[in-house]
Structure formats: structure tokens, C-alpha cells
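From a predicted model like this one, the values you see are computed outputs, not experimental measurements. Sequence positions, counted from 1, serve as the residue numbers for this chain.
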Amino acid sequence: TTESLGIQVKDAFLKILNELYPEPSITPIQQELNLQTSFRHSLIEGYVKDEKLFEIIDTFILNNTSNLLTITGPRGIGKSALLANWIEHFNKTNKNHLMVCYFSTNLCTSEEHIAEWIVTEINKLIDIKDSILEFNSTKQLARILSEINKPLLIILDGLDKLTSFDGKERYAWLPEVKGKIKMIVSASDDSTLYNILSLRNTQTIELQSPNKQTRKCIVDTYLNKYSKRLTLQQIDKIIEAPMLYNPLFMKSMLGQLVDYGIYEEIDDFINKYITTTSEQQFFENIIIDMEKNFSRHLVEKVFSLLGLSYNGLSEPEIFDMLKCSQLEWSQLYAVLSRYTYIAGNNICLGNSPIRETVTSRYLSSNNQIQKIRQQIIAYFTTLSNNRSFNELAWQYYHLKEYESLHKMMTDMHVFNYFYHKDKYELGKYWRQLSDYNSSYSIGDLCEAVSPTDIDVDTQALIYGRIAIFANII
């Protein structure tokens, strides 16, 4: 068939491409840095700059009245986009200013790993004494910041979205900054993190809904991008609708609108969205429209897979698990891309409201959740690479399949991968195993280092890593 011929041509082309230009080997730290940069750049397109907000942040950096700036507002109001675009602006005029940025692209990240990331990035900028990472990265970060006497800006975005941060104590690691160090943190106005930051000596920017002129600019920019036209009355209806004052909701509705092909029904289509009264109903409408255009089964499957994955799935992984035609997937992904972002090679659900709607619509049943997780496990057990390590550990952990998790965690390839990627995530898995079965211990790792398979020097290196890891957990 034409489709099978296309697949063969694509596979042959990729094979030649990989032979001529093989992918370079990159460290987990460099990979994460690439994810950070890619995510920030994804927030720049279509942004409508607010000069006043940029000036406030510029002034915060230059004055000495406060060391902490909190950027807050409702979900979807544009906190991440403001920071991403301000960073681009600031870097052009202040190239020598030391800055460390962390945008939460992996919702499963631990606070210890974020602290370790900041320490590593600071060490690239400043020759610090504590350049060797310690067991307790959060305490090390606090100590390093208290000793630095150079202007340094730390930007932390989206910490309130992280699934591992489930209580006030999870934010206790955020250090108090003083002297020449400044910190900017974003947090939704209904989050625990925002309440904690409010108790500190912080300057606050509370983002408001964009004014009418800005909202019209957003609509015009979006319609022009897709060469679409609306009547003036329809545009007025959109920019005057209170539900669409929030940029996330407006862009989501416009994304659906540009795909709508029945011109005579556009007014009814617009009315359906602008008369919704809740976030969940709004995004339910989006998903229902997607189900009408494709099929409930296909939309449910792809959203469920993304919703339960470790940190998104790659396009080939989704395509293989969906078992649909290339044409169906391509058409669906063109729409899906508006509600997702790319982290490395992975497609991830893009915002909290869409994730919550996916959970309530498709993942309210434990049986359905188990079915999807088992499908992910079945797919990744056929592989043996870093992607499979992340995904299988995550699924075993949530399904409480501790025997399978233990077998995996005593594999030296898996141990070495997580040791370099995130020792604290590895520690979380081992603590859970120990709670489940007291006979599971770090000693199991030592027994897994077989002298017949590994030379003496490598053995010593691995034993050293196990000893360091034992101090962490």
C-alpha cells in the first residue's frame, strides 16, 4: 500500500541519517538543560509584551529594597510566559549578569534534585568551594547562597505544579536570599507555595487579566497565524467574554476555532465556549469536540497514556501504543499539540486544567488506570534503555508492583542511570521498597555486583556510589 511504502521510505531515510549524523551522547544534566531551554522558547511565540511588567522586574533586579519577588495570579494567566520572555529581554541588555533559571518541565522532580540542579548551575558561573555535590543538596544550596558575594539571580517557575510537592514541608528547602542575591518565584494565587512566600519579605507582582486592547491583539495574532478571519462582531464577542479574559482559555478556544470548518455555525461554536462557567466544563468542551472530530476511543487513549506516563511519551511511542494509522495520528497530533509541550523528544500535557479534565473524564476508575499502566509496562519491557528505566520504575511504583520494582532497582545499569540522573528519585523508590519489605535493603545492590562480570576497578567505583547513595536514603 501507499502507506506501507511511505513507512519504508521514512525508515530507510532515518537509518541513513543516523549513520551520517549519529546523535551525540549527552549527560543527564545537559539533557535537562536542553529541556529547560526548549520549554522557555516554546513560551515566546505569540507573546504580547507588557512594558510595565518588564520595568517592574528590571527595577527589582537593580534596587536593594527586596531580595525576593513573587509572581502570582490565576492558573493560565501567563506567569511562565512572562518570565520566559523577560529572560530573553534581560539577557540582551545584561549579558554579564549571573542568572540560574529552573522551569518545571518534569512534574515528577524532587525538591532535592532541583536544589542539586541550582548548585550545579551556580558552579558553572562561580568558582565555589562546595563544588562537589553533597548528600543533602538543599542544605548545601542554602550554605552556598549565604557565602556568595556576587550579584546572582535565581528564577524558579512552576514549583507549585510538581506532583511530589504535596505539603508545606516540601517547600521548607527554599532558601532565604540576601545580600547581592535575588530570587524570582512564580506561584498560582491559590497554591500552598504562594501562601508560604507571602509570609516572607517579598515584593509581589499579581498578574491581572490582559486589557481589551491586549486581548484583541492576542486574537488578531492567532487568527493571522492560521490565515483565518472572523467578523468584528464575533471578535468583540470573544474579547468581551469574561471566561476568555484568561490567556490560556482564550488561546485554547481559538485553537479549536481555527479547526472548525462550518462557517454558518461559528456563532454557536463561540457561544458554547464563552457561556461556560467553570474550568472543567470549558476543557470538557474542548475534549468533546476532539472526540467528535476523531473518535472517543482514540482521544481517550492518547490522553490517558500521556496522563499516566512518567513525563510524557515520544511520538513513536504513542503511535506504537495507539495502533492507529499514520494519517489518524498526524491529524490528531496537529490538534493535540496546542494542549501539550515538547520536553526533549517527549510530548507532555501542557497545563493543569487539561490534566485535571483528563483525569476526571478518563481516569476516574482504578480499573482503567491499571489497564493503561499495564499497557505502558508491556510496551517498555520490550526495550532496554534509559527511557524504559524511567517509565517502568514509575509504573511499578504506582501500581505497587514492588517485586518487579525491586528486581529492576538491583540492576546495575538501572542503578547507575538513576544515580547520575537523580539520586533522590532513586532514593524514593528504595525507601518505598524498604517500607514494603524490611528485607529489601541497599545490601541487595552490593550482592548484585558480581565479581565475575565486572572488573575490580569498576566494582570499587560502584561500591563507592552505593555508599554515597546509602547516606542519601
Side-chain angles (χ1 to χ4, degrees), residues 31-61 68-95 97-107 109 114 117-118 121 125 152-162 182-189 191 193-194 197 203-210 214 217-218 221-222 225 246-252 255 311-312 337-344 346-354:
Q31 184 178 25
E32 187 161 0
L33 183 61
N34 292 343
L35 294 183
Q36 297 281 321
T37 304
S38 174
F39 179 70
R40 288 209 316 269
H41 287 169
S42 73
L43 298 170
I44 292 172
E45 184 181 4
Y47 180 76
V48 180
K49 182 179 178 180
D50 187 326
E51 294 285 356
K52 290 183 180 178
L53 292 177
F54 277 41
E55 288 174 10
I56 293 173
I57 302 176
D58 287 343
T59 303
F60 163 77
I61 301 301
L68 175 64
L69 173 64
T70 302
I71 298 180
T72 189
R75 299 190 301 183
I77 201 68
K79 299 180 291 294
S80 299
L82 169 62
L83 283 173
N85 284 274
W86 178 83
I87 289 169
E88 288 295 305
H89 145 83
F90 191 72
N91 281 338
K92 291 176 182 176
T93 55
N94 298 269
K95 293 183 179 180
H97 198 99
L98 303 180
M99 182 190 302
V100 173
C101 309
Y102 187 90
F103 283 70
S104 300
T105 58
N106 183 349
L107 302 186
T109 300
I114 295 174
W117 160 272
I118 298 171
E121 290 302 295
L125 303 173
L152 172 68
L153 173 62
I154 299 173
I155 297 177
L156 303 174
D157 175 71
L159 299 187
D160 53 324
K161 302 174 190 174
L162 300 180
K182 301 274 188 174
M183 183 182 289
I184 302 177
V185 183
S186 74
S188 294
D189 55 11
S191 66
L193 176 57
Y194 172 67
L197 293 173
Q203 180 181 340
T204 302
I205 296 177
E206 187 169 350
L207 297 186
Q208 305 294 329
S209 300
T214 303
C217 186
I218 293 172
T221 301
Y222 213 92
K225 178 181 178 181
N246 185 305
L248 171 64
F249 287 71
M250 177 173 283
K251 291 178 181 179
S252 298
N311 190 41
S337 61
R338 300 193 186 105
Y339 311 104
T340 58
Y341 67 91
I342 301 297
N346 286 4
I347 301 168
C348 307
L349 291 182
N351 58 68
S352 298
I354 197 75

Qualifying residues under side chain to side chain donor-acceptor pair (under 3.5 Å), relative to Ser191, sequence neighbours excluded:
none
Could you check Asp160 against Tyr194 for side chain to side chain contact (heavy atoms under 4.5 Å, CB included), going step by step and ending with a plain yes or no?
CA-CA 8 Å; Asp160 53 324; Tyr194 172 67; over 6 Å; no
Residues forming a ring pair (Phe, Tyr, Trp, His ring centres under 6.0 Å) with Tyr222, sequence neighbours excluded:
Tyr226
By ring pair (Phe, Tyr, Trp, His ring centres under 6.0 Å) - contacts of Phe249 (at least two apart)
Phe282, Phe283
Just to verify, what does Glu206 make a side chain to side chain contact (heavy atoms under 4.5 Å, CB included) with, not counting sequence neighbours?
Thr72, Gln208
Give a yes or no answer on whether the side chain of Gln36 reaches the backbone of Phe103 with a donor-acceptor pair at less than 3.5 Å.
yes
Begin from the C-alpha positions of Leu153 and Leu98 and carry the test side chain to side chain contact (heavy atoms under 4.5 Å, CB included) through to its verdict.
CA-CA 6 Å; Leu153 173 62; Leu98 303 180; over 6 Å; no
Measure the CG-NZ distance between Leu82 and Lys49 for me, rounded to the nearest 0.5 Å.
11.0 Å
Using the side chain to side chain donor-acceptor pair (under 3.5 Å) criterion, which residues pair with Thr214? Sequence neighbours excluded.
Asn211
Atom OG1 in Thr204, atom CG in Leu69: separation rounded to 0.5 Å?
7.5 Å
Does any part of the side chain of Gln203, heavy atoms only, come nearer than 4.5 Å to the side chain of Ile56, both counted from C-beta?
yes
Using side-chain heavy atoms (C-beta onward) and a distance below 4.5 Å, is Ile184 in contact with Ile71?
yes
Would you indicate whether the side-chain heavy atoms of Met250 and Ser252 approach each other to under 4.5 Å?
no
Look only at the side chain of Asp50 and the backbone of Lys52, and say whether a donor-acceptor pair between them is shorter than 3.5 Å.
yes
So which pairs with a foot in residues 74-86 pass salt bridge (Lys or Arg N to Asp or Glu O under 4.0 Å), sequence neighbours left out?
Arg75-Glu279, Arg75-Glu356
Any chance you could lay out the side chain to side chain contact (heavy atoms under 4.5 Å, CB included) test for His41 and Glu88, step after step, and finish with the verdict?
CA-CA 9 Å; His41 287 169; Glu88 288 295 305; 3.7 Å; yes
Can you name the residues that form a side chain to side chain donor-acceptor pair (under 3.5 Å) with His89, not counting sequence neighbours?
Asp58
Which residues pass the ring pair (Phe, Tyr, Trp, His ring centres under 6.0 Å) test with Phe60, not counting sequence neighbours?
none
Side chains of Ile61 and Trp86 in contact at under 4.5 Å (non-hydrogen atoms)
yes
Roughly how far apart are Leu193 CG and Ser188 OG, rounded to 0.5 Å?
9.0 Å
Under 3.5 Å donor-acceptor, Arg40 side chain and Ala84 backbone
no
Is the shortest heavy-atom distance from the side chain of Ser186 to the side chain of Leu156 under 4.5 Å?
no
How long is the span from the CZ atom in Phe39 to the OG atom in Ser104, to the nearest 0.5 Å?
8.0 Å
Between Leu125 and Val100, is the side chain to side chain contact (heavy atoms under 4.5 Å, CB included) condition met? List the steps.
CA-CA 9 Å; Leu125 303 173; Val100 173; 3.8 Å; yes
CD1/Ile114 to CG/Leu159 distance, rounded to the nearest 0.5 angstrom?
5.0 Å
Pairing residues for Thr340 by the side chain to side chain donor-acceptor pair (under 3.5 Å) criterion, not counting sequence neighbours:
none
Indicate yes or no: at least one non-hydrogen side-chain atom of Ile87 is less than 4.5 angstrom from one of Met99.
yes
Using a 4.5 Å cut-off on heavy atoms from C-beta on, say whether the side chain of Leu197 contacts that of Val185.
yes
Close side-chain approach of Ser209 and Asn246, heavy atoms under 4.5 Å
no
Listed partners of Glu55 passing salt bridge (charged side-chain N to carboxylate O under 4.0 Å, His left out), at least two apart
none
Roughly how far, to the nearest 0.5 Å, is the CD1 atom of Ile118 from the OH atom of Tyr102?
9.0 Å
Partner residues of Asn85 under the side chain to side chain contact (heavy atoms under 4.5 Å, CB included) criterion, sequence neighbours left out
Ile44, Tyr47, Phe54, Ala81
